[in-house]
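First comes the structure, then the notes that go with it.
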Amino acid sequence: MKYRLLYIFLVLNILIPSEIYKQIKISHVSSDDINLFQTSGIEFDHADYKHGEFIEFAISEDDISILDDLGYDYEIIHEDLQRFYESRLTENYTREFGLGSMGGYYTLDEAIQRLDDIHEEYPDFVSEKISLGQSFEGRDIYAIKVSANVDLDENEPQILYTGMHHSREPMSFMNLYYFIYWVLENYNIDEDATQILNTREMWFVPIVNPDGYEYNRSIAPNGGGMQRKNMRNTCNGSADGIDPNRNYDYMWGLDNQGSSPDPCNETYRGTSAFSEPETQAVRDFVEQNNFTIAMNYHSYSNLLIYPFGYSYDNPMDPDDLDTFIEYAQDMTQYNNYAWGTGTELLYPVNGEACDWMYGVHGIFAYTPEVGSSSDGFWPSSNRIVPLAEENLYPNIRTALYGGALISSNLNIEEGPYLGSNWYGIDVLLNNIGLSSSSGITTLEFISEDGIDFSDNFIEIDEIDPRSSINLEDISEFFISPYISTGVEADITLIMSMEDGSQSVSTITIIIGEPEAVLEYGFELSEDVNNWELSGDSNWYITSENANSGSYSFRSGSIGNNQESVASISLNAESV
C-alpha cells in the first residue's frame, strides 16, 4: 500500500500544470499606478508602457486576482501566452546558422552541441567549451572563447557576452550564435571581423540558466514555455525559483520595488546575494578575468539599458555616463532601440548583473532587450534571423569598444599649394575604446612623386583609453617646382598598430595658384551685362549683407513669406 500511494503521488506531481500567463492591457496608467502594482506584488516583466496612455504586459493568473482586488479594468490580449507563442513557432525552422528543433530555437542539448560543432569547424578560433560551474539541478554552465590563436594567452582586451539569465528569453542567446558565426565566416573578408578576431578575446556564456530552459522544453517541447527563474523550490508552485538577475550582490535587496522578498514572485531575489550557483558561476568567471565591456542579453522591449538601475538619480561618474551614452547612441543607430537606465526606460531593479559588473568591477555592461512587444518572449520562427541581424552591429561595436579603437584625423596647412614651398601637417589621434593601445602606433605619410616629407615615418607611444593626442606640426611636406600647375595630388596618412590594425586617411590637393575664369561684381550694370535674369530676380538692389560694395544679386522675393523661382545664366554669345 505504501508503494502504491507513493506511485500515485509521483504521477499527480508530474501532471501539475504550469502557470498560465496572460497578456493584458490597462488604459490610462500613470507612474503612481505602476508603483502601486509593484508594491502590491504584481510583477510585470517587460512591459509596453506609454505614460498616461496604457501598459501592456504578461501577468500570471495569481497576479490577475491582485489586479481584480485593486479594482482595475483590463483588456485580455492573449488568454494563454504559452499557447499563443506555440502557435507562431515552426518545427525545424531552417536558419542561416543551423537548425533548432524547438520552433527554430536550439534546445539546451542542441545549444551545447552547437558549441562543440563550432569548435570542430574553427579550432584555431574557437576554444573547447569549458564549464564555469553547475546549476542548481547540476547542469553545466558552459562558456567558449573566440579569438585568433585561441589556445594562446595573448593579453588581449576581453569582452563578455551572456545570454539567458531568464529562461523564457531564447533570443538572448540565439543572437549570440549568429554573431559568432558571422565573425568566423567573415574573417579576412570583413575589416571589422578581421580586427576583432586578431585583436580581441571574446567570451560567450550563452545560457546562464540551463535548468529553467530545460524545464520550458519539458512543458512546451515546441517552444513557448514561460518559466523565468531558476528551478530552486521556493513556494511549491509553478512560479518557483530565484531570479538570477536579482541575485547579484550590488545593491542586493535594496528595496522591494526593484526586487521581491516573496518566494513566489517573479523577481524573488533569494535569501542572500549570490545564493544561487548560476550567479556564483558568473561571479567567479568575471573575477578570474579582466573584462572591459559586456553585453548581458535579455528580451524583449527594443531597449539598450545601462547602469545604474537601482536609483532614479543616477549616481554614476559623469565621464563614465558620457561613455555609456556615446556607445549606446552608436550601437542603436540602426536598430533604433531606446537607450537609458532601467529607471528611465522600465522600472527600478536591484541585485542586477550589469549594475554589479560596473559597480564592483568597472565593466561597461549593457542589457539589450531584444525584440518588440509584438515579438514577446518567444518571437515567431521567421523573426529569429531578423532579430539576430538587428543586433549584429551592437555586438560588433561592443567587441571593438572593448579594446583600443583609434581614429586619425589628418589636417594640412591651407593652400594655395605652390612648388618650392613647405606646408605643415597636423594629426589628431583619438582613442574612443576602453583599452590602451598595445605597443607602438606608427604614422606613415605617403604621396606622389614630387612631394616629399620632412618626416614620413613617426612612432607614437601608448595611447590611453578614452583620450586624444593632438600632434600639431608633426611633419611637413614639400612640393617640387617641377610639378605642373593643376595636377591633383594625394597626401595620405597610414596609421598602423602593433596588433595589425590600420586606418587610412587622405587629403587631395591641387597644385598651383587658382585662376579666376570669370569674375563679375554687381556694382555697375556693365559688370553683369552678359547675364540673363529670369523669374522674380533683381541685381540692382541695396544689400546690407553684401561683403563689399553697395549692391548684390538677389533671387526671389523676401518679405511676407513669398516664394518665387529665379535663375541667372551667362550669355554665351557675349563671352
Side-chain angles (χ1 to χ4, degrees), residues 157 191-192 194-196 198-199 292 318-320 322-323 325-327 329-330 333 396-397 400-516 547:
E191 181 178 336
D192 287 337
T194 305
Q195 181 177 355
I196 288 169
N198 283 340
T199 65
T292 58
D319 289 339
D320 284 357
D322 288 343
T323 299
I325 292 173
E326 176 188 326
Y327 291 174
Q329 289 174 326
D330 175 34
Q333 63 175 295
I396 292 170
R397 298 301 291 177
L400 293 173
Y401 283 134
L405 188 57
I406 302 174
S407 62
S408 59
N409 185 14
L410 172 64
N411 288 294
I412 60 175
E413 186 178 331
E414 290 187 3
Y417 301 102
L418 308 177
S420 301
N421 281 277
W422 288 91
Y423 298 89
I425 299 176
D426 300 337
V427 174
L428 176 65
L429 301 180
N430 187 24
N431 183 4
I432 61 173
L434 295 171
S435 299
S436 299
S437 59
S438 177
I440 300 298
T441 298
T442 301
L443 306 181
E444 182 180 7
F445 299 102
I446 61 174
S447 189
E448 287 86 352
D449 291 340
I451 295 182
D452 297 312
F453 298 91
S454 60
D455 193 348
N456 71 325
F457 196 83
I458 299 167
E459 293 184 342
I460 306 297
D461 290 333
E462 182 177 282
I463 304 173
D464 293 335
R466 306 293 300 169
S467 69
S468 297
I469 300 177
N470 190 8
L471 304 171
E472 296 183 348
D473 294 322
I474 188 68
S475 184
E476 293 180 307
F477 67 92
F478 176 79
I479 300 176
S480 167
Y482 303 107
I483 299 181
S484 300
T485 296
V487 169
E488 291 187 354
D490 290 337
I491 308 293
T492 298
L493 167 64
I494 301 175
M495 182 185 69
S496 304
M497 300 175 65
E498 284 192 6
D499 60 20
S501 59
Q502 283 189 337
S503 71
V504 178
S505 52
T506 298
I507 292 177
T508 300
I509 63 174
I510 299 176
I511 307 299
E513 183 82 49
E515 296 181 7
N547 291 330

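In this text, all values refer to a predicted model and were calculated from it rather than measured experimentally.
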Checklist entry - Heavy-atom count around Ile507 CD1 within 6.0 Å, excluding the residue itself: above 12? => result yes
Checklist outcome for this item: The side chain to side chain contact (heavy atoms under 4.5 Å, CB included) partners of Ser505 (sequence neighbours excluded) come to Ser408, Leu410, Leu493
Next on the checklist: Can you tell me how far apart CG (Leu418) and CD (Glu513) are? Round to the nearest 0.5 Å.
Outcome noted: 5.5 Å
Checklist outcome for this item: Residue pairs meeting side chain to side chain donor-acceptor pair (under 3.5 Å), one or both in residues 438-463, sequence neighbours left out, come to Ser454-Ser475
Item to check | Residues that Phe478 engages under ring pair (Phe, Tyr, Trp, His ring centres under 6.0 Å), provided they are two or more places apart | outcome: Trp422
Checklist entry - Between Tyr423 and Tyr417, is the ring centre distance below 6.0 Å? => result yes
Item to check | Non-neighbouring partners of Glu488 that pass side-chain hydrogen bond (donor to acceptor under 3.5 Å, both in side chains), sequence neighbours left out | outcome: none
I'd like a table of donor-acceptor pairs (distance under 3.5 Å, sequence neighbours excluded) in which one partner is a side-chain atom from residues 425-436, with atom names and distances.
from, atom 1, to, atom 2, distance (Å)
Asp426, OD1, Asp473, N, 2.7
Asn430, OD1, Ser468, OG, 2.8
Asn431, OD1, Leu405, N, 3.1
Asn431, OD1, Gly433, N, 3.0
Asn431, ND2, Ser435, O, 3.0
Asn431, ND2, Ile463, O, 3.4
Asn431, ND2, Asp464, O, 3.1
Ser435, OG, Gly402, O, 2.8

Checklist entry - Between Asn421 (side chain) and Gly419 (backbone), is there a donor-acceptor pair under 3.5 Å? => result yes
Item to check | Set of salt bridge (Lys or Arg N to Asp or Glu O under 4.0 Å) partners for Asp330, sequence neighbours left out | outcome: Arg397
Checklist entry - How many angstroms lie between atom CG of Leu471 and atom CG of Leu443, to the nearest 0.5 angstrom? => result 6.5 Å
Checklist outcome for this item: Residues pairing under ring pair (Phe, Tyr, Trp, His ring centres under 6.0 Å) where one sits in residues 484-515, two or more places apart or in two chains, turn out to be none
Checklist entry - With sequence neighbours excluded, what pairs up with Ser496 under the side-chain hydrogen bond (donor to acceptor under 3.5 Å, both in side chains) test? => result Gln502
Checklist entry - Quick one: side-chain hydrogen bond (donor to acceptor under 3.5 Å, both in side chains) partners of Thr194, sequence neighbours excluded? => result none
Item to check | Sequence-distant partners of Tyr327, ring pair (Phe, Tyr, Trp, His ring centres under 6.0 Å), two or more places apart | outcome: Tyr401
Next on the checklist: Once salt bridge (Lys or Arg N to Asp or Glu O under 4.0 Å) is applied, do any residues pair with Glu326, and if so which ones, sequence neighbours excluded?
Outcome noted: Arg466
Checklist outcome for this item: With sequence neighbours left out, the residues meeting side-chain hydrogen bond (donor to acceptor under 3.5 Å, both in side chains) with Asp490 are Thr508
